[in-house]
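Encoded as structure tokens, the structure appears first; notes follow it.
Per chain, numbering begins at 1; letters A, B, ... match sequence-line order. Heavy-atom basis, side chains included; hydrogens, waters and symmetry copies ignored.
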Amino acid sequence: MIELVSYLLQIILIVIAISVVIHKRNFTIIILIATFGLVAASLYIINKAPDVAIAEVAIGSAIIPLIYVISISRQREFIVLDRTNDGFIEYGFELSGEGYQILSDFVKEFDLSLNICVDIQGQAKKLIEELNVDLIVTKDNQTNQYVFYGKASSVLMTKLKNQVKDKPHIKIITLKEEKKND
Amino acid sequence: MIRRISLIVLLVVIFFGFLYSVIDLEAFFSTYGKDYFFANGYLETGSLNLVTGIYLDYRLFDSLFEAGILIAAVSGVTWISQHEITEKNASFMLDKQITPGLFITFSRMVYPFMLMFGIYVILFGHVSPGGGFQGGAIVATAILILYYIDSKKATSIDKILTIEKILFLTILAVGSISYFTKGTFFTNPFALSASEAVKSIYLITLNVLIGIKVSLGLVAIFTAFLKEGR
Amino acid sequence: MPFAYQLPIFFVFIPVIFGVIIYLFKKPWITSLSFLAQITLFIAFFVYHQFWLTNPEHHLIVFGGWSERIGISFYADSLNLTFTLLSIVIFSILLLYLFQFRRKDHKFLFFFLFLEGVFLGMIQTNDLFNMFVFLELVTVIVTVLISYQKTGPSFQAGIYYLLLNTVGALFFLIGIIFLYNTFGTINILLLKDLIPLQGDRTVVQFAYIIMISGISVKAALFPLFTWLPKAHGVAQSGISALLSGLVVKGALYVFIRLNRYMYVNVPLQLSELFFWLGVVTALVGVAFAISQKDMKQILAYHTVSQVGIMMMGISQSYLTAYYGGVLHIINHALFKSLLFLAAGVLIKHYQTKKVYEVRGVMRTFPLIGIVLIVAMLSISGAPLLNGFVSKSMVKYAVKGDFIKEALFFLINLGTVTSFIKFSTVLFGPKQNLVKQKNPLQDISMILLAVGCLGIGLFYKELGQWIYGLSVTVKLWEWVNWLDYAIFLAIGLVFYHFVVKKDYKPFQFLRHFKLTFESANYLFVAYLVVVLLVVFT
Amino acid sequence: MSPILTIIVILIGLYGLATSKNIIKSVFCVTIIEAGVILLFLNLGNLEGGSIPILGNVIENIVDPIPQALMITTIVIGSTITALALMLCIKIFHNYGSVEWKEVLGREE
């Protein structure tokens, strides 16, 4: 009887492994990895290794999927620091305004999740490099243009650039990372 | 597309290599280790659970450097995720969602049992299945549930890291006490002929030390991930 | 049992404990404790060496007094003592180089000393699973050191290095599993006697294949070396000197330990396969090195080609060629770290990594100019220096077979041309650059240069002292000087007419990028090639 | 029979590693290979059968305890490597804006 159960579980393991390899969306893969850990732990018990099963469940199915969730949710986050307090982005119950429109279209197209924050002080260059802020929106009073500061090495900046080409009153400046050689 | 097919062909060749070697292995394999431990594993280490006996006494050197790899990874992760900007009051839109009430009450209910089970696994590592590493991981998951109840109570990572390093030094010290009693490093300081209760003192202290160190390490990794870029 | 019997354990734990202490206490003077660690290591090594010579029966230390077949054990033979001495010397010289810049950085010194302790452990251990744990530990710490600057490219190089080496180490673990289940023990010395008894079983040969291909990922052999130039281009010069000077050597040491000390007289001697693998690695490495413009990339690809030459030496059972390979490992550690350190100083002062933008080093920084000349002469195998000694010993592996000799000539020619390209840095007018006063850095570079010269001149006495074998390499023969002069001439001609014009193939090689999945594809292909060679 | 099924899991992980366009997918596949290796070792330790290696009540034959002790170390090593790799992934995303190998490697100049 135990032999049958172990063969069945191993076939389930192979099916889960194939589905992890083939699947595209990262979020569902986390669930698959958690079940993979659980099935593997039950197989360890069948092979008479309770110690390893406890370790696999505690680490492989509890902490590691949690870390995957955090890191994948960070991958889809587009942090915008808004420093133009003149209605480019209105903060009512429901966010609106022309700036918000542009950003939400851009974010929807690359299925990122928009994260607008207001009150971070500090020099733009350092913020972008250290605090992983992706975009800083400021208003240039002389030319009455909205200036977007971003990271030069980021692929999103190039995508944002060719999306905003047709709008005259928005300018994009990408900050180059200075060379830190020893 | 050709690459995938050729990859599958290569993997099939490797599979046959594995296949022949496993069949050849099943024909004749040595059980020297199993017989040795079954015969005098309990007598020499004093722990009923032979696996704990092995990684706390026979192969303590491995467990020391397993704790070492945990220290290196934790310090590495915290160093990479650190940033010098002191603005902590950044109220980010995403973090404003508060965890749903049901989840909080349920985790409050589960939290004490998880903690108790983790401590049981650490303390009775040499009798029932379990031990320092598994118990530490369970205690770490219990502490992570605290983050769900309210994530403002995040402790400072630097304090955790210093405690972890001090624990690493104490584990080294406990491991090398045996040099004074038995003349060799990394084993049970009590004589082979000592009673099982005496020997289990050493096993329990090592399990507790490793358990605390592993739980602190995993909690530090988790807080580093949570605080990253905030 | 005298205290000196347990010393190898202190080799591992002195740096680890000092590293943790430096991390714990925040006072600025505590970082000078790292020098104390190096000095105690030197003293401990020489005390142990005397003990090791006097009583040969105490070479094996089993932890916990258990039987040799059960407990973990350290074994000290002439091979791993030389590697221990080499790594202590290189680590202390790099500490001298880095100290001025890293005086306040407790975290960095913690990682640096922890890596030293773990590396010394990996060299001395006599237990396969313990070697696997140390391999993983070295991979983790080197990944953190590579991405220490927290710039974009350093993260990408760090994760590329981490994942590729972890896959290699996992396959090393599968090999251990098969060995454990067939012989019941994972103690290398015991396996050396047990393996010949069942040498022809498919399990034993398959375990050998899996372990060797797992290790050759870390040793940067032909198809799997793509992680090395990425890691070097990004890491600081001190770290890349450490990486190519020592970490690659660790993997080669494990290769020797498996190839000569475990599978000694098993019928499947693969020396022919690994010899040709070494030749291909050397040729590909040199081809890439000639086409590069970035100083660090040139040196990184040169490490790959020198690893190929070492592989040609180590894989031979012919004694002089084997000892030539081992000596080349030691020489390469010296002159390659010297080149990286000098390149680091130049990059810091000229603020550029491109070779053609740096000019006039001889006049502005005379010390670095002399040191660079010594290093470049020894890497290209000029007589009177250590490169020549080991290369002429490795030449014994090539004697008598015309094709092999031609290929060896081609490899040396490539090395000479690319270092002629590198030496264009020296000439040119005096640049008005202020030299930042850093006495420690200069001392470390001078020490390395003296090391290169020393081995080049007194190789006979050193050979006697360590290996007790007498090797006569005709140093003062005029034919060798003539030989080297011809090399230089052909190299100059080749450089002016071919390399300077920067033809299409050179551009293609420079912009050649291998993504992670194709690197793994090559790893699978490499595994299958070794499998087929053994089983057919 | 059962060790061969675990070998298939290892080879699937290797296949995934050699065809994954995404960095996070590669980290998933390393976790799969590692779990497969652990299962292989425990299977080979349990070829003869026998009971759990805890000597409480009288038993006549036990499973080999050494593979279990070694595999606890491998699980901890695997989890630390996954944690380090994922932290590097987050930092890569914030620097390059994407997690695809081709885009990340292509932007070096």
Side-chain angles (χ1 to χ4, degrees), chain C residues 70 128-130 132-133 135-137 139-141 143-144 146-147 150-167 169-174 176-178 180-182 184-186 203 226 230 233-234 294 511 513-525 527, chain D residues 3 7 10-11 13-23 25-27 29-30 33-34 36-38 40-45 47 64 66-67 69-71 73-74 76-78 80-97 100-102 104-109:
Chain C
I70 294 298
L128 278 178
F129 187 77
N130 207 353
F132 164 72
V133 172
L135 271 174
E136 291 281 345
L137 208 54
T139 314
V140 165
I141 298 175
T143 323
V144 174
I146 286 175
S147 51
K150 296 203 248 192
T151 60
S154 64
F155 291 132
Q156 165 244 319
I159 199 159
Y160 195 97
Y161 174 82
L162 179 69
L163 290 182
L164 205 56
N165 280 293
T166 315
V167 171
L170 279 178
F171 271 81
F172 183 73
L173 180 63
I174 298 177
I176 297 175
I177 292 169
F178 282 124
Y180 173 73
N181 279 295
T182 46
T185 172
I186 33 179
V203 178
T226 47
K230 269 193 226 309
V234 157
D294 179 336
H511 299 303
K513 286 257 175 317
L514 204 62
T515 55
F516 185 69
E517 65 260 24
S518 27
N520 277 291
Y521 182 80
L522 287 174
F523 174 66
V524 173
L527 198 64
Chain D
I7 294 160
I10 296 174
L11 294 182
L14 205 57
Y15 175 83
L17 209 59
T19 53
S20 68
K21 296 274 185 294
N22 185 328
I23 300 180
K25 178 70 78 64
S26 314
V27 181
C29 294
V30 169
I33 293 181
E34 189 230 317
V37 165
I38 294 169
L40 177 68
F41 204 178
L42 294 178
N43 265 334
L44 294 181
L47 284 178
D64 195 340
I66 286 194
L70 303 184
M71 282 313 114
T73 317
T74 320
V76 174
I77 289 175
T80 44
I81 281 174
T82 322
L84 192 61
L86 285 175
M87 175 50 78
L88 290 172
C89 279
I90 295 179
K91 283 292 176 182
I92 283 175
F93 176 77
H94 283 300
N95 270 295
Y96 288 100
E100 300 296 321
W101 279 110
K102 209 164 286 311
V104 166
L105 291 179
R107 299 189 63 81
E108 238 158 56
E109 273 72 28

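Both the backbone and the side chain of D:Leu17 come within contact range of chain C, each with at least one heavy atom under 4.5 Å from a heavy atom of that chain. For D:Cys29, no part lies under 4.5 angstrom from a heavy atom of chain C. The contact between C:Leu514 and chain D is made entirely by backbone atoms, counting heavy-atom distances below 4.5 Å. Proximity to chain D (any heavy atom under 4.5 Å) is shown, for C:Val140, by both the backbone and the side chain. Heavy-atom distances place no part of C:Ser154 under 4.5 Å from chain D, backbone and side chain included. When heavy atoms are compared at a cutoff of 4.5 Å, C:Ile159 approaches chain D by way of both its backbone and its side chain. Residue contact with chain D, scored on non-hydrogen atoms closer than 4.5 Å, involves the backbone and the side chain of C:Thr515 alike.
Of all heavy-atom pairs spanning D:Ala85 and C:Leu163, the tightest one is CB-CD2, 4.4 Å. In this structure, C:Gly152 and D:Asn95 approach most closely via the heavy-atom pair CA-CG, 3.7 Å. Contact detail for D:Ile92 and C:Gln156: the closest heavy-atom pair is CD1-CA, 3.8 Å. Of all the heavy atoms in C:Gly158 and D:Leu88, the pair that sits closest is C-CD1, 4.1 Å. Closest heavy-atom contact between C:Asn520 and D:Ala18: CB-CA, 3.8 Å. When all heavy atoms of D:Val30 and C:Leu170 are compared, the closest pair comes out as O-CD1, 4.3 Å.
The distance from atom CD1 of C:Ile174 to atom CD1 of D:Ile33, rounded to the nearest 0.5 Å, is 8.0 Å. Atom CZ of D:Phe41 sits about 8.0 Å away from atom CD1 of C:Ile176, to the nearest 0.5 Å.
Your options are D:Leu47, D:Asp64, D:Ile10, and the one with the most heavy-atom pairs under 4.5 Å with chain C is D:Asp64. Of the residues considered (D:Val27, D:Thr80, D:Ile66), D:Ile66 shows the highest number of contacts with chain C, using heavy-atom pairs under 4.5 Å.
Results of the side chain to side chain contact (heavy atoms under 4.5 Å, CB included) test with C:Ile177 over D:Leu70, D:Val37, D:Ile38, D:Leu42 single out D:Val37 as the only residue that passes.
The closest side-chain heavy-atom distance from D:Thr73 to C:Phe132 is not below 4.5 Å. Proximity of D:Tyr96 to C:Phe155: side-chain heavy atoms (C-beta onward) are nowhere separated by under 4.5 Å. Considering only heavy atoms from C-beta on, D:Leu14 comes within 4.5 Å of C:Phe171 through its side chain. Side-chain contact between C:Tyr160 and D:Val104: absent, with no pair of heavy atoms (C-beta onward) separated by less than 4.5 Å.
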As a quick check of understanding, evaluate side chain to side chain contact (heavy atoms under 4.5 Å, CB included) for C:Phe178 and D:Leu44, giving each step before the final call.
CA-CA 9 Å; C:Phe178 282 124; D:Leu44 294 181; 4.1 Å; yes
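A parallel orientation is assigned to the rings of D:Trp101 and C:Phe516, their planes being inclined by less than 30° (bins at 30° and 60°).
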